[in-house]
A.B. asks: 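Attaching a single structure in structure tokens format; questions to follow.
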Amino acid sequence: MSNKLVFDYSKSCGFFEQCELEKISSEVKTAHEMLNQKSGAGSEYTGWLDLPHKYDRAEFEKIREAAQRIRDNSDVLIVIGIGGSYLGARAAVEMLSHPFYNCLPFGKGKRTGIFFAGNNLSSAYIKGIIDIIKDKDISINVISKSGTTTEPAIAFRIFREYVEKKYGREGARERIYVTTDKSSGALKRLADAEGYESFVIPDDVGGRYSVLTPVGLLPIAASGADIGKIMNGAADACDEYMNPDIKTNQCYQYAALRNILYRKGKLIEILANYEPSLHYFAEWWKQLYGESEGKDNKGIYPSAVDFTTDLHSMGQFIQEGSRNIFETVINIEKSKQEIVIGRDKEDIDGLNYLENKTLDFVNKKALQGTLFAHVDGGVPNLMLNVPEISDYYFGQMVYFFEKACGISGYLLGVNPFNQPGVEKYKRNMFALLGKSGYEKEREALLKRINFEQK
């Protein structure tokens with residue numbers, strides 16, 4: 001087993017010529033220079049690039065201390081954020097914790113349950129959290145650059161009122177942690193006025209690239225994960241993927257092959273995993289690539305499946321549906337747990353041929369069988385082999401996909417660090433809600449609604 005990630009594209013070689021990889025290498029070197037010399041579009045948001053080596057050590061220790069306080073005095077931490085303000089943290093918590101971490105007994109000084117809010121507008125969801133935290137000691141980590149993003153702002157208003165009623169305004173101050181802009185914004189002003197402990201979202205790191213900043217690190221640390229090992233993994237990946245030579249840089253190979261396949265009409269990438277704990281890692285990946293590349297009427301559509309579960313729902317389409325897809329498989333080489341299949345005297349289920357085999361052995365054979373079936377069905381497969389699920393390899397995986405995303409975006413010809421399109425729905429929503437300053441939009445939308453209802 002290797003001590004680093006290994007990218008394998010052997011199951012896609014039949015879908016492109018080797019000369020195409022050589023031909024795109026010059027584009028990759030140009031993209032490398034644009035990214036690392038900060039000369040490309042959106043370069044003001046590339047602070048994540050050398051973050052694993054140059055993060056603020058003093059704030060890092062402050063994060064650890066705050067996380068320990070949360071673990072000591074809180075049964076539950078409510079993490080309030082949306083998009084990049086929560087997906088990276090949730091990916092880490094889900095991947096590195098017990099599969100049912102919130103179902104296990106938790107309490108002060110033992111383990112702290114982590115619940116995520118502010119990522120939707122469902123009253124049933126919020127009420128569900130309130131039901132769960134009844135009679136429990138809680139802390140809040142609200143994460144927002146501005147403090148005015150609708151979903152987390154509403155959730156914070158609700159839960160802030162909850163903790164102030166439970167502990168009083170003074171007591172609430174000791175249980176509210178704010179991650180926001182260093183100098184401006186509504187949340188920063190509130191934190192300063194109330195005296196909440198605050199952590200900084202770096203100006204040069206966009207939300208979807210922010211998991212290795214206080215945005216992700218505080219809730220991850222509160223869950224019990226070792227954020228030092230996460231940063232070590234990211235730092236090693238940072239060094240590993242610095243060489244612009246596509247022959248040796250496996251991160252750049254992934255970025256290049258995505259674009260080669262895209263140019264051949266493979267418009268949809270499916271990220272597949274065989275471990276349920278990677279579900280939210282895939283959700284983080286979807287935002288990273290969807291928001292980075294989906295613009296200017298371009299982009300590979302990122303989707304994800306959890307195998308073997310989704311083989312019984314999406315398997316048919318992947319095998320024989322539209323041939324505009326390719327797969328990237330995350331393979332965890334060593335399972336966290338081993339369960340051995342026993343022998344049944346009657347063998348009614350016909351499974352005695354698996355006697356003394358481990359469940360992970362069966363899972364790996366399902367992976368191999370699916371891989372061959374999908375390739376034979378016309379679906380190129382890329383694979384990222386991960387030695388095991390650990391804090392260290394989580395850091396490596398994050399950096400691998402972030403670096404590849406920057407390179408891939410430049411190969412695609414877009415700015416991979418902005419997201420102008422997400423503002424459109426917000427303007428419409430604000431107008432329909434009657435927010436001041438959106439009167440013209442409101443009038444136009446109401447006319448459309450009235451017309452459609454006739």
A.B. asks: Ignoring hydrogens, what is the shortest heavy-atom contact between Y125 and A117? Give both atom names and the distance.
C.D. replies: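 Between these two residues, the closest heavy atoms are CE2-CA, 4.2 Å.
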
A.B. asks: Give the minimum heavy-atom separation between A172 and V163, together with the two atoms involved.
C.D. replies: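 It is CB-CG2, 3.9 Å.
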
A.B. asks: My understanding is that only residues two or more places apart in sequence, or in another chain, count here; which of them pass side chain to side chain donor-acceptor pair (under 3.5 Å) with K403?
C.D. replies: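 By the side chain to side chain donor-acceptor pair (under 3.5 Å) rule, K403 matches Y252.
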
A.B. asks: Under the 3.5 angstrom rule, does the side chain of R69 hit a backbone N or O of E174 as a donor-acceptor pair?
C.D. replies: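 A pair under 3.5 Å: no.
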
A.B. asks: Enumerate the salt bridge (charged side-chain N to carboxylate O under 4.0 Å, His left out) contacts for residues 216-243, please, sequence neighbours excluded, ordered by first and then second residue.
C.D. replies: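 Qualifying pairs: K4-E240, R64-D226.
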
A.B. asks: Would you compute the distance between atom CG of L412 and atom CD1 of I407 and round it to the nearest 0.5 angstrom?
C.D. replies: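 The CD1 atom of I407 is 13.0 Å from CG of L412, to the nearest 0.5 Å.
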
A.B. asks: Work out which heavy atom in G81 is nearest to a heavy atom in S85; give both atom names and the distance.
C.D. replies: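 It is CA-CB, 4.0 Å.
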
A.B. asks: Can you sort out the partners of R160 under side chain to side chain donor-acceptor pair (under 3.5 Å), two or more places apart, ordered by chain and number?
C.D. replies: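 For R160 the side chain to side chain donor-acceptor pair (under 3.5 Å) partners, ignoring immediate neighbours, are E164, Y196.
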
A.B. asks: Relative to the ring of W285, is the ring of F401 parallel (under 30°), tilted (30 to 60°) or perpendicular (over 60°)?
C.D. replies: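 Because their plane-to-plane angle is over 60°, the rings of F401 and W285 count as perpendicular.
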
A.B. asks: Residues in side chain to side chain donor-acceptor pair (under 3.5 Å) with S123, at least two apart?
C.D. replies: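 So S123 forms no side chain to side chain donor-acceptor pair (under 3.5 Å) with any residue.
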
A.B. asks: A quick test of your reading: do over 12 heavy atoms of other residues, nucleotides or ligands sit less than 6.0 Å from CD of E17?
C.D. replies: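 Count not over threshold, so no.
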
A.B. asks: Under the ring pair (Phe, Tyr, Trp, His ring centres under 6.0 Å) rule, collect the residues that match up with F430, sequence neighbours excluded.
C.D. replies: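 If we apply the ring pair (Phe, Tyr, Trp, His ring centres under 6.0 Å) test to F430, skipping adjacent residues, the hits are Y438.
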
A.B. asks: Please list, chain by chain and in numerical order, all residues satisfying side chain to side chain donor-acceptor pair (under 3.5 Å) with T308, sequence neighbours excluded.
C.D. replies: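 For T308 there are no side chain to side chain donor-acceptor pair (under 3.5 Å) partners, ignoring immediate neighbours.
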
A.B. asks: Please tabulate, one pair per line, all N/O donor-acceptor pairs under 3.5 Å involving side-chain atoms of residues 86-94, not counting sequence neighbours.
C.D. replies:
from, atom 1, to, atom 2, distance (Å)
R90, NE, E94, OE2, 3.4
R90, NH1, Y280, OH, 3.4

A.B. asks: Looking at residues at least two apart in the chain, or sitting in another chain, which of them share a salt bridge (charged side-chain N to carboxylate O under 4.0 Å, His left out) with E20?
C.D. replies: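 If we apply the salt bridge (charged side-chain N to carboxylate O under 4.0 Å, His left out) test to E20, skipping adjacent residues, the hits are K264.
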
A.B. asks: Would you name the heavy atoms of V215 and I143 that are closest together and state the gap between them?
C.D. replies: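 In terms of heavy atoms, the two residues are closest at O-CD1, 3.4 Å.
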
A.B. asks: What is the distance from atom NZ of K38 to atom CD of E44, rounded to the nearest 0.5 Å?
C.D. replies: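 Between atom NZ of K38 and atom CD of E44 there are 10.0 Å.
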
A.B. asks: Mark yes when over 12 heavy atoms from residues, nucleotides or ligands other than K247 sit less than 6.0 Å from its NZ; otherwise mark no.
C.D. replies: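 It does not: K247 NZ has 12 such atoms or fewer within range.
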
A.B. asks: Going by ring pair (Phe, Tyr, Trp, His ring centres under 6.0 Å), name the residues that satisfy it together with F60, two or more places apart in sequence or in a different chain.
C.D. replies: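 Partners of F60 by the ring pair (Phe, Tyr, Trp, His ring centres under 6.0 Å) criterion, ordered by chain and then number, come out as Y55.
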
A.B. asks: In chain order, what residues pass the ring pair (Phe, Tyr, Trp, His ring centres under 6.0 Å) check against Y209, with sequence neighbours excluded?
C.D. replies: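 Y209 satisfies ring pair (Phe, Tyr, Trp, His ring centres under 6.0 Å) with W48, F417 only.
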
A.B. asks: The criterion is salt bridge (charged side-chain N to carboxylate O under 4.0 Å, His left out); which residues satisfy it with E293, sequence neighbours excluded?
C.D. replies: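 With sequence neighbours excluded, E293 shows a salt bridge (charged side-chain N to carboxylate O under 4.0 Å, His left out) to R258, given in chain and number order.
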
A.B. asks: Kindly compute the distance separating CD1 (I230) from OH (Y392), expressed to the nearest 0.5 Å.
C.D. replies: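 Nearest 0.5 Å value for the CD1-OH distance: 13.0 Å.
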
A.B. asks: Under 6.0 Å from the CD atom of Q337, do we count more than 12 heavy atoms belonging to anything else shown?
C.D. replies: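 No - once you tally the heavy atoms of other residues, nucleotides and ligands closer than 6.0 Å, there are 12 at most.
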
A.B. asks: I'd like to know whether Q287 forms a side-chain hydrogen bond (donor to acceptor under 3.5 Å, both in side chains) with E283, so could you lay out the CA-CA distance, the side-chain angles of the two residues, the decisive distance to 0.1 Å, and finally the verdict.
C.D. replies: CA-CA 7 Å; Q287 188 206 4; E283 293 300 302; over 6 Å; no

A.B. asks: Quick one: pull up OG in S183 and CG in D203 and give me the separation to the nearest 0.5 Å.
C.D. replies: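 S183 atom OG to D203 atom CG measures 6.5 Å (nearest 0.5 Å).
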
A.B. asks: Test of understanding: with ring pair (Phe, Tyr, Trp, His ring centres under 6.0 Å), list the residues that count as partners of F400, not counting sequence neighbours.
C.D. replies: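 Counting only residues at least two positions away or on another chain, F400 forms a ring pair (Phe, Tyr, Trp, His ring centres under 6.0 Å) with Y241, Y254.
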
A.B. asks: Given H279, which partner from the list N273, D306, T309 fulfils the side-chain hydrogen bond (donor to acceptor under 3.5 Å, both in side chains) test?
C.D. replies: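 Of N273, D306, T309, side-chain hydrogen bond (donor to acceptor under 3.5 Å, both in side chains) with H279 is met by D306 alone.
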
A.B. asks: State plainly whether the residues D376 and K11 are in salt-bridge range, i.e. N to O under 4.0 Å.
C.D. replies: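 K11 and D376: not salt-bridged.
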
A.B. asks: For residues T112 and L77, report the shortest heavy-atom separation together with the two atoms involved.
C.D. replies: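 Answer, listing the atom of T112 first, then L77: CG2-N, 3.5 Å.
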
A.B. asks: Can you see which heavy atom on A234 is nearest to which on Y399, and at what distance?
C.D. replies: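 That closest heavy-atom pairing would be O-CG, 4.0 Å.
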
